[in-house]
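Take a look at the structure below.
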There are 2 protein chains.
Amino acid sequence: MTKTAEVILFPRNARTPAQFQQWLATVLQTFQDYLVTRGLTLTHQREAVLRCLMAAQRHLSLEDVYAEARRKDRTIGRATVFRTLRLLQECGLVAEVGSTDGRARFELKADRPHHDHMICVECGRILEFESPMMERFQDEAVKRHGFVALWHRHEIFGRCAACRRLRGRAS
Amino acid sequence: MTKTAEVILFPRNARTPAQFQQWLATVLQTFQDYLVTRGLTLTHQREAVLRCLMAAQRHLSLEDVYAEARRKDRTIGRATVFRTLRLLQECGLVAEVGSTDGRARFELKADRPHHDHMICVECGRILEFESPMMERFQDEAVKRHGFVALWHRHEIFGRCAACRRLRGRAS
DNA sequence: ATTGATAATGAAACTCAGTTTCATTGAGTG
DNA sequence: CACTCAATGAAACTGAGTTTCATTATCAAT
Ligand SMILES: [Mn+2]
Ligand SMILES: [Mn+2]
Ligand SMILES: [Zn+2]
Ligand SMILES: [Zn+2]
């Protein structure tokens with residue numbers, strides 16, 4: 001049987017400031033291109049939201065983004081953050097991720113391959129992993145049922161290694 | 001490469017009335033056993049909620065169960081349905097399933113093996129399938145990260161065969 | 001039967017993440 | 001400078017889910 005390859009994607013590999021700027025420029029361009037097709041413009045508020053997500057080393061909630069963006073610009077509104085997150089999802093740059101506390105989290109899809117999530121019910125940490133074999137058998141299953149997949153969500157809830165070590169043998 | 005085995009579980013295989021009664025008795029007993037350990041009792045309201053889920057040929061929302069149970073007993077309350085659904089989840093008889101309309105759906109885990117879901121974004125239909133291979137590679141991935149899985153949710157959103165036929169070539 | 005303790009219930013109120021409204025501001029055009 | 005319309009943020013609204021609370025059912029011990 002073929003070997004599975006999995007990779008932890010967070011924390012994101014360090015980028016030099018120069019590399020970050022490069023990446024930022026690319027992603028901003030992608031966003032702007034989308035906005036143009038909709039007759040919209042890339043405002044500084046919209047850019048701020050995107051920058052927050054790009055700088056983050058974890059999955060942010062709407063409220064997280066709002067708080068973070070607000071540190072730079074005291075007047076930015078929750079509504080704008082909400083609307084920008086929707087735009088970013090529409091153009092495929094951002095995806096929603098499950099959580100254990102009832103608040104949706106968001107992640108950049110920009111520069112990363114598809115992956116699934118393990119979510120720790122203890123500490124809320126989200127572990128990202130890839131499993132090409134799982135994706136492969138999923139494709140098979142979908143085809144077999146004449147279904148056409150648009151997107152999927154595969155989230156495994158449980159306890160992460162760190163929390164198990166901390167709490168001892170109790171599961 | 002090994003062949004994957006998938007089975008559509010809904011609509012549930014027909015049961016003779018006698019078989020249904022048998023099944024009902026078993027499941028009710030399981031529920032009651034759990035309630036006893038908590039010092040609670042199996043009331044007729046609680047039984048009604050469970051009966052609704054057992055009789056249903058589709059995934060019901062809280063509101064669905066409430067409406068259905070209400071047809072039998074005009075005074076049953078939304079709060080009781082809510083609380084009963086929670087009890088049923090706690091004892092492992094019922095699980096929550098995703099949806100496309102923002103309302104959680106529930107399904108009996110009672111007599112069925114683990115399975116995942118394909119959810120049609122067009123008609124809301126929920127297709128159930130099993131993929132032992134997927135589960136296998138999932139287990140591998142989980143172990144590799146020192147994670148302990150408690151439960152998981154694997155939901156594929158897209159268009160079902162029926163809706164694609166209806167709407168023509170457009171995806 | 002009567003009492004007292006506690007489980008159970010349902011109507012209504014509340015929560016809160018998410019979403020919309022609306023008056024105002026800003027950016028661009030002729 | 002008008003004029004148009006995208007964009008914004010404060011505040012109001014929404015609605016699934018959840019809790020509160022006054023009332024009712026259950027049942028064990030008199
Ligand atoms: Mn996947
Ligand atoms: Mn599964
Ligand atoms: Zn953890
Ligand atoms: Zn469909």
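So that the names make sense, note that chain A is the first sequence line, chain B the second, and so on, each numbered from 1.
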For D:dA7, take OP1 and OP2 only and decide whether either is under 4.0 Å from a side-chain N or O of A:Gln45.
no
When you measure from the side chain of A:Leu62, which nucleotide among C:dA11, D:dA10, C:dG18 comes out closest?
C:dG18
Is there a donor N/O on one and an acceptor N/O on the other, under 3.5 Å, for the side chain of A:Arg83 and the base of D:dG9?
yes
Below the 4.0 Å mark, does D:dT19 have OP1 or OP2 next to a side-chain nitrogen or oxygen of B:Arg86?
yes
In terms of the angle between their ring planes, are A:His154 and B:His152 parallel, tilted or perpendicular, with boundaries placed at 30° and 60°?
tilted
Closest to the side chain of A:Arg46, out of D:dT8, C:dA8, D:dG9, is D:dT8
For B:His44 and for B:Ser61, find the nucleotide of DNA chain D with the closest heavy atom, then tell me which residue's nucleotide is more 5'.
B:Ser61
5' precedence on DNA chain C between B:Gly39 and B:Gly77 (nearest-nucleotide basis):
B:Gly39
Nucleotide nearest B:Phe82 (side chain, heavy atoms from C-beta), chosen from D:dT18, D:dT8, C:dA11:
D:dT18
Candidate nucleotides C:dA7, C:dG18, C:dA11, ranked by approach to the side chain of A:Ala104 - the nearest
C:dG18
C:dA27 phosphate, OP1 or OP2: any side-chain N/O from A:Thr41 under 4.0 angstrom?
no
Starting the side chain at C-beta, find the nucleotide from C:dT20, C:dA17, C:dA8 nearest to B:Thr43.
C:dA8
Looking only at the side chain of B:Thr75 (C-beta and beyond, no hydrogens), which of the listed nucleotides C:dG10, D:dA7, C:dG18 gets closest?
C:dG10
